[in-house]
Trainee: 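Sharing a structure, written as structure tokens. Questions coming.
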Amino acid sequence: MATKARSLFDTAILRRALVDSIYKLDPRREIRNPVMFTVYVGSILTTGLWILSLTTVGEEPSWFIFGVSIWLWFTVLFANFAEAMAEGRGKAQADSLRRARQEVPAKKFVRPREDDAEAPNFRELLLAGDVTVTEATDLRKGDLICVEAGDYIPADGEIVEGVASVDESAITGESAPVIRESGGDRSSVTGGTRVLSDWLIVYVTANPGETFLDRMIAMVEGAKRQKTPNEIALDILLAGMTIIFLLVCVTLLPYSIFSVGVAGQGTPITVTVLVALLVCLIPTTIGALLSAIGIAGMDRMIQANVIATSGRAVEAAGDVDVLLLDKTGTITLGNRQAVEFIPVDGVAPNDLADAAQLSSLADETPEGRSIVVLAKSKYGLRERDINQIHAKFIPFSAHTRISGVNMNNRAIRKGAADAIENFVKQQGGSFPSTVQREIERIAKRGGTPLVVAENDKTLGVIHLKDVVKGGIKDRFAQLRQMGIRTVMITGDNPLTAAAIAAESGVDDFLAQATPETKLQLIRKHQAGGHLVAMCGDGTNDAPALAQADVAVAMNSGTQAAKEAGNMVDLDSNPTKLIEVVEIGKQLLMTRGSLTTFSLANDVSKYFAIIPAAFASTYPVLDKLNIMHLATPTSAILAAVIFNALIIIALIPLALRGVKYRPIGAAALLRNNLWIYGVGGLIIPFVGIKLIDMALVVLNMTGA
Amino acid sequence: MTTNAILQLVIYVLVLLALVKPLGAFMARVYENKSCGLDKILGPPERLIYRLCGVDPTAEMSWQHYTYAVLAVNFLGLIVVYALLRVQYYLPLNPQRLAGTTPDLAFNTAVSFATNTNWQSYGGEATLSYLSQMLGLAVQNFLSAAAGMAVLVALIRGFVRRQSSSIGNFWFDFTRSTLYILLPLSIVLALVLVSQGVVQTFSPYVNVALVQPTTFQEPVLGGDGNPLLDEKGQPTTKTSPLSEQTIAVGPAASQIAIKQLGTNGGGFFNANSAHPLENPTPLSNFFELLSILVISAALCYTFGKMIQDTRQGWAVLAAMLVIFLPLLAVCYWCEQRGNPVLPALGVDDQAESAQAGGNMEGKEVRFGIAQSALWATATTSASNGSVNSMHDSYTPLGGLVPMWLIQLGEVVFGGVGSGLYGMLAFAIIAVFVGGLMVGRTPEYLGKKIESFEMKMAAIVILIPPMAVLVGTAVAVSLPDLAKPSIPNSGPHGFSEVLYALSSASNNNGSAFAGLNANTAFFNTLLGLCMLAGRYLLKIPILAIAGSLAAKKYTPVSSGTLPTHGPLFVVLLVGVVILVGALTFVPALALGPIVEHLLMVES
Amino acid sequence: MDGIYVLGAAVSALLFVYLVIALLKPEWFA
């Protein structure tokens with residue numbers, strides 16, 4: 001993000017949320033939430049009763065109806081406030097993103113004529129000045145534009161030609177510039193970012209209003225937020241509970257009238273008390289926080305620098321049970337490292353180390369550096385300056401697949417076994433069979449063998465090892481605890497793959513993976529009822545990404561990959577998948593826990609309200625007043641006030657989410673049942689009693 | 001608690017549990033069309049039935065098709081019973097020449113039997129001919145029970161099948177439920193009962209001379225059949241001698257067997273199983289009691305067997321027992337303690353070798369308090385509704401237990417089939433909340449619980465309380481129509497109405513019999529509640545079955561909420577209790593709870 | 001007093017209808 005992660009209760013957000021919670025009183029907004037709409041209607045009804053009680057004789061003392069009414073309004077406002085708080089952080093971020101989407105001029109190519117048979121050389125067109133300058137908003141999909149150093153990129157696109165360093169901090173928050181170039185997996189550019197050096201010719205891939213930045217703004221703002229399937233299912237349950245309680249309260253009136261008749265004393269229950277009882281019984285706690293929980297879940301994704309295209313994707317993340325992980329960069333460090341020199345019989349280890357080091361002096365790849373370092377640390381060979389020793393570096397070429405140095409009359413080469421074999425044989429030497437054995441041994445242990453030769457003589461083998469990331473084994477064990485299988489995807493041969501799989505602790509692996517085999521693997525798991533998550537960045541990952549249930553595309557990846565996925569990781573960090581899954585689970589857990597809490601709360605409210613409601617008809621029911629609340633009036637007010645305040649008290653939990661720990665489903669359920677189920681039974685008894693005591697102190701008991 | 005009573009209760013529960021596995025496994029084989037030991041004998045008649053009815057038992061049905069079949073069968077039954085009751089006077093097997101019933105009573109009784117409620121607005125021996133009992137009621141006893149079991153089997157198939165558009169064949173499930181399960185068990189039980197002295201005869205009622213002739217006050221009837229009124233508006237009476245007694249008899253044993261096994265509960269005689277010719281001995285009592293719960297309990301095992309994970313079935317059964325046993329203890333304890341005011345007045349109501357002690361009002365001395373409390377708890381936890389004691393005479397809290405068990409939705413054992421499918425609807429709700437709490441989209445038995453299932457399960461949970469609450473509200477707000485039926489003043493009158501509506505809406509059929517329910521108003525109101533409580537539940541249950549059958553199977557992992565352990569049992573019990581308590585506490589507070597407090601107070 | 005009961009009954013009847021729709025057609029309020 002362009003902005004620093006804001007704290008949950010930033011004062012600016014707080015102020016804005018307070019204003020928004022008033023705006024949200026719009027009935028068209030309130031009607032979307034069945035539970036809170038019921039409270040809303042109750043508030044209006046009691047307000048009406050209060051006004052009525054001012055003019056004529058009311059059913060209850062005016063101040064009491066007012067008290068109930070005002071706390072019902074607070075209940076509604078608190079719910080609105082929770083939602084506004086959840087949206088607040090996103091809105092602040094959206095504002096700063098909007099600043100990035102300022103009007104910028106676009107240099108658009110005039111299209112080459114249809115009859116131009118030759119493929120146009122864009123560079124020449126550009127130099128010929130065959131561009132028109134228009135507004136970014138006039139660009140359409142399919143246009144070709146040119147962006148030069150210092151320009152803002154006006155729209156999302158795919159680089160057709162050119163290499164440039166781009167400042168993407170407006171989107172990713174990462175200030176170091178990144179390289180973008182045509183072809184390969186780093187060919188997409190995002191509107192709103194800035195080219196720092198060189199130039200690019202870009203094929204526009206999104207119309208105005210549909211760009212990545214637009215989508216991102218919509219997402220963080222929650223403007224287009226639709227209820228997710230699970231949220232709808234929960235809404236059904238809550239609506240069902242609300243219907244039951246509505247019936248309980250409505251039918252209580254005739255019961256009460258009947259009871260007054262048979263008991264021959266007292267007055268029937270009043271509508272005000274019935275509304276108070278109804279609001280206390282319906283699951284207002286979860287109803288008020290439900291939408292905030294969903295928004296906060298998306299927001300936590302954004303804090304993790306992951307943009308989900310829908311809330312549905314975040315929810316699905318919690319259900320993932322198969323994780324496809326690329327080996328390189330996720331399971332192993334990106335680079336292989338030399339760990340061992342294995343000389344051929346008759347060659348001194350030092351000679352092999354010396355030759356290996358010489359051949360790698362100019363090799364700037366991480367593998368090359370690691371060879372130099374190993375020779376130094378293990379054999380005490382100091383690094384030499386390639387120019388001082390008059391050596392000529394032979395770079396790696398895709399054709400020969402070997403590299404090395406020529407110095408004096410020594411030609412030292414290193415490379416893959418078959419390439420070196422060719423080299424040695426060309427020089428008239430032979431390739432010893434012991435080398436072949438060593439090569440196999442290394443491959444079996446998950447390493448990569450590099451053979452070193454000098455002129456016609458094979459010196460030995462360098463063992464390059466994939467280094468498994470520290471701590472990754474524990475991470476996989478955790479995932480297993482969460483019920484998630486990990487599958488490693490690698491282009492390596494099965495032998496190497498198996499060795500790395502064993503070392504890193506993944507459950508399964510797919511070796512010699514191709515886009516097709518990846519897609520097949522995903523389909524196979526899905527057919528078995530699993531939900532599959534994967535991440536990818538290349539265009540050839542796109543089909544698999546489109547097929548996966550949760551597909552995280554790397555922001556550095558191609559446009560195709562980003563469109564196929566349902567999330568984009570701005571940090572382009574493949575390990576992020578694990579975090580994504582945790583955020584999804586947290587979201588669901590918070591919903592479930594607060595639902596349980598909300599329902600468990602009801603027990604205490606009965607103990608507060610029932611004796612109070614029928615105090616005049618059946619005074620003996622006061623035996624149920626186990627909290628010893630002062631008066632019927634204070635009991636009802638205390639219950640209503642508690643019901644409103646608990647919403648405020650739980651906003652931080654709703655926004656942060658219930659903590660997820662990978663301890664298995666049974667243990668999680670047990671913990672949450674204790675905390676939110678049993679806790680939900682007990683806490684309101686304490687809370688209502690305390691509020692009642694406060695009302696007594698304030699002399700608001702009606703006695 | 002006396003040792004004797006504890007022994008009675010423990011033996012009952014142990015015998016019941018011992019029967020669960022063998023009977024459950026047998027039923028699973030019946031529904032899975034595997035050999036079950038009776039195929040040789042029952043195979044030919046089964047095939048004959050299919051051929052005569054022209055049905056193909058292998059044709060798969062969608063859930064909608066299945067629903068039509070269920071409703072058609074029940075509707076047909078309803079019409080037949082209604083017609084029978086109206087014209088029974090003209091039909092054979094009516095030695096007492098009993099007249100046809102009123103339309104509202106016929107409607108109420110027909111609905112009552114088609115819905116497996118067996119609410120007795122009718123007065124058994126005083127109202128119904130042998131033909132009406134046998135062809136009307138007894139047949140419906142079988143069919144309504146079989147329909148409930150069939151719907152359960154369809155729901156189980158919903159869990160078992162994967163990506164399937166059908167949930168089995170109703171005619172197959174329905175026929176086999178009757179032929180292989182209900183019929184053989186009924187025959188065995190009927191013979192046992194006959195051996196204990198239950199009557200089984202077509203002969204007319206028997207007139208016997210009274211050992212001790214007496215007199216009674218007989219109302220003087222005018223020309224229009226109504227009693228003549230004196231100047232104060234009271235009916236005039238004359239003293240008449242009484243030297244003869246009519247003892248009602250009839251083909252009772254055969255009907256009592258299925259009334260118990262099929263959780264029907266509609267007695268052959270008005271006094272139901274308190275009647276000495278319906279339930280003569282402690283042994284007959286034990287078998288009748290056992291047969292109330294045995295099929296419902298065993299179906300839990302059938303469920304586990306059919307989904308190939310018997311632990312799931314045991315978990316559901318455990319949840320039922322966790323609710324049942326404490327409530328049984330409470331009911332027994334309240335009755336044995338009796339009225340706490342009496343000892344203070346010097347009345348000895350302690351249990352001793354010479355007396356049962358406790359509250360014996362409305363209870364049969366040949367059964368005592370333990371067997372009465374056990375029956376009351378069993379018959380209301382299952383939606384049976386037969387009684388061997390009068391619930392209306394229980395202590396306030398003792399009577400609250402049966403009433404609340406009914407109000408829990410008849411899911412603790414419940415009706416055959418219907419109890420378990422109701423419980424599974426609660427399980428869906430429990431799994432939904434529990435599943436969220438472990439961070440997964442909820443799934444039960446490998447099937448994802450999504451908004452459609454939630455919607456249907458919510459309807460299943462919602463309908464019975466809705467009918468109870470609204471029905472009671474209607475009854476107590478129309479004093480002109482309801483008041484004459486309520487003899488008791490004070491909160492007990494309210495309890496009686498609440499009990500009646502609870503019983504009808506949840507298809508139980510037992511009553512706080514102080515209420516005179518045989519009026520046009522109550523017959524109609526209760527009839528409508530029974531219909532709602534049965535069919536508005538069956539349809540969503542079948543919809544769930546259809547939706548689940550179409551889903552993929554989600555494999556179980558350590559991230560899945562386990563639904564076979566004690567934790568899930570606690571969760572399920574919690575949901576059932578919480579929904580039941582939260583819905584009915586205010587109403588109960590105005591009925592039995594305040595009755596109890598007033599009693600203690602006085 | 002009766003007027004208030006009538007008002008309360010009318011409001012709760014409308015609320016009931018709304019809630020039933022919210023239960024059966026939640027997507028209308030999504």
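Numbers restart at 1 for each chain; the letters A, B, ... are given by sequence-line order, proteins then strands.
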Trainee: Say you draw a straight line from CD1 of A:Ile232 to NZ of C:Lys25; how long is it, rounded to the nearest 0.5 Å?
Mentor: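 Separation between the atoms: 11.5 Å.
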Trainee: Identify which part of A:Ile31 has an atom lying under 4.5 Å from any heavy atom of chain C, answering side chain, backbone, both or neither.
Mentor: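 Contact with chain C involves both backbone and side-chain atoms of A:Ile31.
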Trainee: Examine whether an atom of A:Leu274 lies under 4.5 Å from a heavy atom of chain C, and if so say whether it belongs to the side chain, the backbone or both; otherwise answer neither.
Mentor: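 Neither part; nothing is under 4.5 Å.
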Trainee: What part of A:Leu246 gets closer than 4.5 Å to chain C, counting heavy atoms only: side chain, backbone, both or neither?
Mentor: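 Just the side chain, heavy atoms under 4.5 Å.
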Trainee: With rounding to the nearest 0.5 Å, note down the distance linking OG1 in A:Thr242 to CZ in C:Phe16.
Mentor: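 Reported to 0.5 Å precision, the distance equals 12.0 Å.
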Trainee: Please tell me if the side chains of C:Leu19 and A:Phe37 come closer than 4.5 Å, counting only heavy atoms from C-beta onward.
Mentor: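 No, every pair of side-chain atoms sits at 4.5 Å or beyond.
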Trainee: Hey, which of A:Val35, A:Val271, A:Leu253 has the most heavy atom pairs under 4.5 Å with chain C?
Mentor: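 Greatest number of close heavy-atom pairs with chain C: A:Leu253.
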Trainee: Can you name the closest pair of heavy atoms from C:Tyr18 and A:Pro34 and give their distance?
Mentor: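 So the minimum-distance heavy-atom pair works out to OH-CA, 3.1 Å.
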Trainee: Working to the nearest 0.5 angstrom, can you tell me the gap between A:Ile243 CD1 and C:Leu23 CG?
Mentor: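 Here the rounded value is 5.0 Å.
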Trainee: For A:Leu237, is it the side chain, the backbone, both, or neither that has a heavy atom closer than 4.5 Å to a heavy atom of chain C?
Mentor: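 Answer is neither: A:Leu237 stays 4.5 Å or more from chain C.
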Trainee: Check A:Leu45 against C:Leu7 and note the closest heavy-atom contact, atom names and distance.
Mentor: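 Scanning both residues completely, I find the closest heavy atoms to be CD1-CD2, 3.8 Å.
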Trainee: Rounded to the nearest 0.5 Å, how far does CG of A:Asp235 lie from CZ of C:Phe29?
Mentor: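 That separation rounds to 10.0 Å.
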